Protein chains: 2
Amino acid sequence: MPSTILDVAALCGYSRATVTRAFSEPHLVKESTRNKVYEAARKLNYTPNAIAQAMPRMRTDNIAFILYEHQSPAFLNPFYAPILDAVVDMSHALGLSVIISSSADTRLPNGEIYIKKQVDGAILAGQINAELIDYFQHQHKPIVLLNNITRSEDRICLAIDDYSGSVQVVQHLIDRGHRRIALIQGNFSDHVMKGRRAGYVDTLRTNGLPVKAEDIFTIQADYEHAMGCFAEILDGRSKEDYPTAFYCTNDEIAVGIIKGVYRRGYSVPRDFAVAGFDDSILEDD
Amino acid sequence: MPSTILDVAALCGYSRATVTRAFSEPHLVKESTRNKVYEAARKLNYTPNAIAQAMPRMRTDNIAFILYEHQSPAFLNPFYAPILDAVVDMSHALGLSVIISSSADTRLPNGEIYIKKQVDGAILAGQINAELIDYFQHQHKPIVLLNNITRSEDRICLAIDDYSGSVQVVQHLIDRGHRRIALIQGNFSDHVMKGRRAGYVDTLRTNGLPVKAEDIFTIQADYEHAMGCFAEILDGRSKEDYPTAFYCTNDEIAVGIIKGVYRRGYSVPRDFAVAGFDDSILEDD
DNA sequence: CTGAAAGCGCTTACAG
DNA sequence: CTGAAAGCGCTTACAG
């Protein structure tokens with residue numbers, strides 16, 4: 001068994017309160033006694049028990065990062081990985097630890113939903129269900145939503161501006177002379193798809209270009225499906241009906257389209273323009 | 001304040017012990033009373049306090065994943081990201097949570113090293129310092145080392161077989177007819193570099209090929225340095241002295257070399273063969 | 001099947 | 001600057 005504060009107290013001859021203070025608020029303890037405490041602690045290999053500290057403090061210095069994503073695993077997701085990385089970095093700088101949870105939420109025997117681990121707050125990423133959000137609110141734990149739909153006043157929600165991102169991409173393509181721009185959209189959550197498509201549609205219209213249903217494709221957002229989609233487009237129509245540009249609603253799709261282009265002996269950007277969304281690191285490769 | 005087990009006990013008229021059991025060992029409680037407990041709990045929005053549970057149980061159901069890596073951030077590292085992902089998946093399946101720590105280890109006021117968060121065990125990835133390993137051993141917490149040098153009997157250590165991986169790569173290149181193979185090695189930890197280089201050197205020798213110092217390069221393991229390295233090689237020698245193949249000790253370097261090849265108007269594998277190490281997802285792009 | 005009681009290892013007013 | 005004491009919210013033998 002690891003030694004406790006009582007063992008240290010016994011060995012150095014001071015009270016438990018003094019031992020605690022020597023570790024938590026060293027300045028409250030006279031230097032000479034502090035050193036005796038430390039010496040005893042070292043002999044006993046004593047280290048504070050974080051969970052025992054957390055209870056009376058009513059604070060854990062833990063936050064949860066809860067990712068809801070069917071598409072792909074947390075850390076391999078090129079959109080969330082850099083975010084998670086930043087979260088961990090900043091948390092450590094603040095003395096917090098990060099607990100990774102999936103949204104495969106725990107349920108109590110009575111059916112109630114809850115997060116097993118005690119945390120002081122949470123970052124909820126993606127289409128987290130409302131029950132879980134309520135759970136945190138009931139516990140009076142602060143949360144930050146990431147890419148969620150909730151627009152309520154009393155919650156912090158960081159999200160991508162899907163609409164204007166789309167507008168910028170499509171306008172850029174039009175400015176480069178493209179008149180026939182295909183939309184290859186991943187099957188993301190409703191509000192994301194809606195926003196990005198609206199940007200596409202509106203921008204075409206603003207520029208006096210027709211919106212053609214046959215140029216809009218919804219696929220599973222990975223590069224294999226994107227490659228398949230590209231092949232189908234070429235096979236399904238004559239050359240003069242080929243789009244000249246592809247606006248993909250994420251970068252993995254864009255990678256797939258580019259691969260498709262090369263597979264068919266074409267080249268980017270010579271034969272087709274391809275634009276993605278997200279600014280993932282994938283673009284570098 | 002969130003409600004406690006005592007609130008629930010008061011509301012439903014049973015003792016705290018019964019409330020506990022209704023949640024932790026439901027089968028020990030008569031169904032009718034169990035339901036009354038659940039009803040009271042629901043009314044009060046009660047949820048067990050995980051840290052209070054952990055204390056008498058002497059168990060947290062948490063494990064730490066501690067990554068020591070100067071090279072690049074945890075989740076963006078193409079080698080560790082998939083591992084971390086699998087760790088989290090499996091942990092959740094086992095009812096464990098994962099706490100992410102860096103090896104920017106915490107120190108107590110007395111200089112003693114320790115992990116602030118209470119965990120039942122840990123996975124230590126990379127060149128973790130020995131103090132931290134000792135810490136866990138003193139606490140009698142099980143640990144698994146990942147890619148560490150420690151070869152001691154009483155520790156589990158998963159590692160890449162650097163030597164035979166290298167042998168396979170280099171032999172493959174030789175089998176394809178290459179006689180001049182450059183080694184572009186990342187500045188990884190000593191034992192990794194040593195193992196991979198030994199595989200390279202030995203395989204050249206076994207095949208009766210000369211080992212040339214000017215064909216061995218040590219660089220920072222990112223694709224930019226790799227690109228630069230490639231350019232330098234070409235600039236520094238005449239065409240007949242070009243290596244025909246590049247064995248890179250990780251995939252990021254290989255990506256950089258490939259980029260370098262194309263920048264110079266050459267092509268892979270037509271003009272140069274390029275091989276990496278790690279089987280990262282990067283290879284797909 | 002249920003309850004009373006001791007205990008998990010620490011913290012924090014309150015005194016002195 | 002130090003200590004005695006109550007408390008954090010739960011669990012678990014031990015009885016009944």
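What's counted below: heavy atoms across the whole structure, side chains too, no hydrogens, waters or symmetry copies. Computed from a prediction, not measured in an experiment: that's the story for all the values here. Throughout, protein chains are lettered first and strands after them, A, B, ... in sequence-line order, and every chain is numbered starting at 1.
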Between A:Gln185 and A:Thr218, which heavy-atom pair has the shortest distance, and what is it?
NE2-OG1, 3.0 Å

List the atom of B:Val87, the atom of B:Ile63, and the distance in Å for their closest heavy-atom pair.
CG1-CD1, 4.4 Å

5'-most by nearest nucleotide on DNA chain C - B:Pro56 or A:Glu25
B:Pro56

For B:Thr20, report the nucleic acid contact type (base, sugar-phosphate, nothing); a contact means any heavy atom under 4.0 Å.
base

At what distance, to the nearest 0.5 angstrom, does OG of B:Ser3 lie from NZ of B:Lys43?
13.0 Å

Test your reading of the model: is there a side-chain donor-acceptor pair from B:Asp120 to the backbone of B:Arg59, 3.5 Å cut-off?
no

When every non-hydrogen atom of B:Val98 is compared with those of B:Phe65, the smallest separation belongs to CG1-CB, 4.0 Å

Between B:Arg57 and A:Arg57, name the one whose nearest nucleotide on DNA chain C is closer to the 5' end.
B:Arg57

Using chain B heavy atoms and a threshold of under 4.0 Å, write down where along DNA chain C the contacts begin and end, 5' to 3'.
C:dC1 to C:dG9

Please compare A:Ala17 and B:Ala17 by the position of their nearest nucleotide in DNA chain D and report the one closer to 5'.
A:Ala17

Measure from the side-chain N and O atoms of A:Arg21 to the backbone N and O of A:Leu28, and report whether any donor-acceptor pair falls under 3.5 Å.
no

Requiring both pairing distances under 3.5 angstrom, list the stems that contain DNA chain D and are made of three or more consecutive Watson-Crick or G-U pairs.
C:1-3 with D:14-16, C:5-12 with D:5-12, C:14-16 with D:1-3

Would you tell me whether B:Asp222 and B:Gln220 have side-chain atoms, one donor and one acceptor, within less than 3.5 Å of each other?
yes

Under the criterion salt bridge (Lys or Arg N to Asp or Glu O under 4.0 Å), which of B:Asp190, B:Asp161, B:Asp162 is the partner of B:Arg196?
B:Asp162

